[in-house]
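Just so we're on the same page: letters track the sequence lines, and every chain starts at 1. Note that the structure is a prediction, hence the values are computed from the model and not measured.
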Protein chains: 2
Amino acid sequence: MSRKDILEKLKQHGVMPTAQRIEVAAVLLSRPQHLSADQIIDKLKSRRSRVSKATVYNTLKLFSEQGIVKELSVDSSRKFYDSTTHSHHHFYHVDSGELSDIPGSQISISGVPPLPNGTEQESVEVLIRVRSKSK
Amino acid sequence: MSRKDILEKLKQHGVMPTAQRIEVAAVLLSRPQHLSADQIIDKLKSRRSRVSKATVYNTLKLFSEQGIVKELSVDSSRKFYDSTTHSHHHFYHVDSGELSDIPGSQISISGVPPLPNGTEQESVEVLIRVRSKSK
DNA sequence: TTCTATGCAAAGACTTTGCATGCTG
DNA sequence: CAGCATGCAAAGTCTTTGCATAGAA
C-alpha cells in the first residue's frame with residue numbers, strides 16, 4: 001500500500017492524515033497482518049519514526065473506531081489490530097502468540113440457534129487455537 | 001453443586017481443598033456461568049467470605065491450569081472464567097459485557113482448511129457478538 | 001487565531017509477585 | 001517441623017488520560 005493509497009484511505013474514513021497517523025498506517029496496512037500496539041511501536045522505532053506511545057494507542061483506537069483496522073481480542077493480555085477489516089476467521093498459535101487468517105472464506109457455520117431475545121448479530125468469529133505439534 | 005461435590009472435584013484435579021479454594025469454587029461452580037475475577041471477588045464479599053484478591057487470582061489461575069474451569073479471552077480488558085469446561089461456544093453481548101453459552105451443541109463448522117504446518121489443533125471457538133436491537 | 005494532534009508523564013484497570021505469617025500433614 | 005497456602009502491598013503490563021505545546025486550517 002503506497003503512501004498515496006494510505007492518504008486516500010484515511011480521507012475516506014474521515015481521519016485527518018497527520019505525519020504520525022501516516023506512519024502508523026504505513027506499518028500496519030503494509031500487508032495483511034495482526035499486530036499489537038507494542039509490536040507497532042517497535043516497528044516504528046526500527047523505521048526511525050518518532051511517534052509517542054500515547055499517540056500510537058490513540059491512533060489505533062481512532063483507526064478501529066473509524067473502521068480502518070479491526071481490533072481483535074484473542075489473548076486477554078493485549079489487543080491485536082488487524083489490517084484486514086472484512087469478516088474473516090483466525091488461527092491462533094498459542095505457543096508463539098501469532099495470529100493468522102484462516103485462508104479462503106470457505107468456512108461455514110451451521111446450526112446456530114436463535115439469538116438471545118432483543119439482540120441482533122454483530123459478528124461471528126471462529127478462532128482455531130493451534131499449538132506446535134508435540135511429536 | 002454441593003460442598004461434597006466441590007471437595008470431590010478439587011481432589012480429582014489434584015488441588016488441595018483449602019477453605020478459600022472451596023469458597024471460590026462454591027461461587028463459580030454453583031451453576032454454568034462466566035465470571036470475571038472481579039465479579040467473583042464481589043460475590044465472595046456478599047457471602048461474607050474473606051478471601052484476598054491475590055488468592056482469588058491465584059486460585060483462578062490454578063483452577064484453569066488444572067482444568068477445573070476454563071479461561072476465556074473474549075474482551076481484552078479482562079479474563080472470564082467459565083464453569084463449563086467442555087468445548088462449547090458463546091454469545092457475547094457487547095453492550096452488557098455478558099457472556100452466555102450457545103445452547104445445545106448443534107453448531108457445526110465446515111470448510112476448515114488444513115492447519116498451518118507443524119501445528120495441531122487445540123480448540124475451536126465460535127463467538128457470536130450480539131448487541132441490543134436498535135429498533 | 002482557533003481547533004485538533006502530539007508527547008510526556010501520570011493515572012488507571014487488571015493481574016502477578018515477594019515475602020512474612022499461618023495452616024496442614 | 002517442613003511445606004504449601006494466604007494476605008497484603010508492591011510491582012508489572014497494557015492502555016488511557018490530563019495538560020501544555022505544536023501544528024494545521
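Every side-chain contact (heavy atoms from CB on, under 4.5 Å) that B:V124 has, sequence neighbours left out, goes to A:V126, A:I128, B:I109, B:Q121. Partners of B:R129 by salt bridge (charged side-chain N to carboxylate O under 4.0 Å, His left out), not counting sequence neighbours, listed by chain and number: A:E125. Not counting sequence neighbours, B:T119 has no partner by the side chain to side chain donor-acceptor pair (under 3.5 Å) test. Every side chain to side chain donor-acceptor pair (under 3.5 Å) that B:E23 has, sequence neighbours left out, goes to B:R47, B:S49.
One atom, CG of A:L35, and another, P of D:dT15, lie 13 Å apart when rounded to the nearest Å. As rounded to whole Å, 11 Å separates atom P of C:dC8 from atom CZ of A:R50. Remark: C1' of D:dA5 and CG of B:L60 are 15 Å apart, rounded to the nearest angstrom. For the pair B:K45 NZ and D:dG7 C1', the interatomic distance rounds to 14 Å; values are reported in whole Å. B:Q66 has its CD atom 14 Å from the P atom of D:dC4, to the nearest Å. Between B:L62 atom CG and C:dT15 atom P there is a gap of 16 Å when expressed in whole angstrom units. One can place CZ of B:F80 at 15 Å from C1' of C:dT15, the figure rounded to the nearest angstrom. Distance B:L44 CG to D:dT6 P: 12 Å, rounded to the nearest Å.
Scanning both residues, A:R78 and B:S76, for their nearest heavy atoms gives O-CB, 4.0 Å. Here the shortest heavy-atom pairing between A:L29 and A:S83 reads CD2-CB, 4.0 Å. Minimum heavy-atom separation, A:L60 to A:V69: O-CG2, 4.4 Å.
Terminal axes of the helix from C:dT1-D:dA25 to C:dG25-D:dC1 (five pairs each, C1' rotation axis) are separated by 20°, to the nearest 10°.
Proximity of B:D101 to B:H34: side-chain heavy atoms (C-beta onward) are separated by under 4.5 Å at one or more points. Residues A:N58 and A:L62 have side chains not in contact (no heavy-atom distance under 4.5 Å, counting atoms from C-beta outward).
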Can you give the donor-acceptor pairs under 3.5 Å from side chains of residues 3-17 of chain B to other protein atoms, not counting sequence neighbours?
residue: B:D5; atom: OD2; partner: B:S2; partner atom: N; Å: 3.2
residue: B:D5; atom: OD2; partner: B:S2; partner atom: OG; Å: 3.2
residue: B:H13; atom: ND1; partner: B:Q66; partner atom: O; Å: 2.8

Can you tabulate the close N/O pairs, meaning under 3.5 Å, that link protein atoms to atoms of nucleotides 16-18 of chain D?
residue: D:dT16; atom: OP1; partner: A:K79; partner atom: NZ; Å: 3.4

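Among residue pairs with one or both ends in residues 60-71 of chain A, those qualifying as salt bridge (Lys or Arg N to Asp or Glu O under 4.0 Å) are A:E71-A:K79; sequence neighbours excluded. Listed by first and then second residue, the salt bridge (Lys or Arg N to Asp or Glu O under 4.0 Å) pairs involving residues 24-33 of chain A amount to none (not counting sequence neighbours).
OP1 or OP2 of D:dG7 has at least one side-chain nitrogen or oxygen of B:S52 nearer than 4.0 Å.
In the region residues 11-29 of chain B, proximity to DNA chain C at under 4.0 angstrom, judged on heavy atoms, holds for none of the residues. Scanning residues 70-78 of chain A for heavy-atom distances under 4.0 Å to DNA chain C yields an empty list.
A:V74 belongs to a hydrophobic cluster with A:L72, A:F80, A:Y92, A:V94, A:L99, A:L127, counting contacts under 4.5 Å between side-chain heavy atoms of Ile, Leu, Val, Met, Phe, Trp and Tyr, direct or through other members.
Between the side chains of A:S36 and A:D38, no donor-acceptor pair of N or O atoms lies under 3.5 Å.
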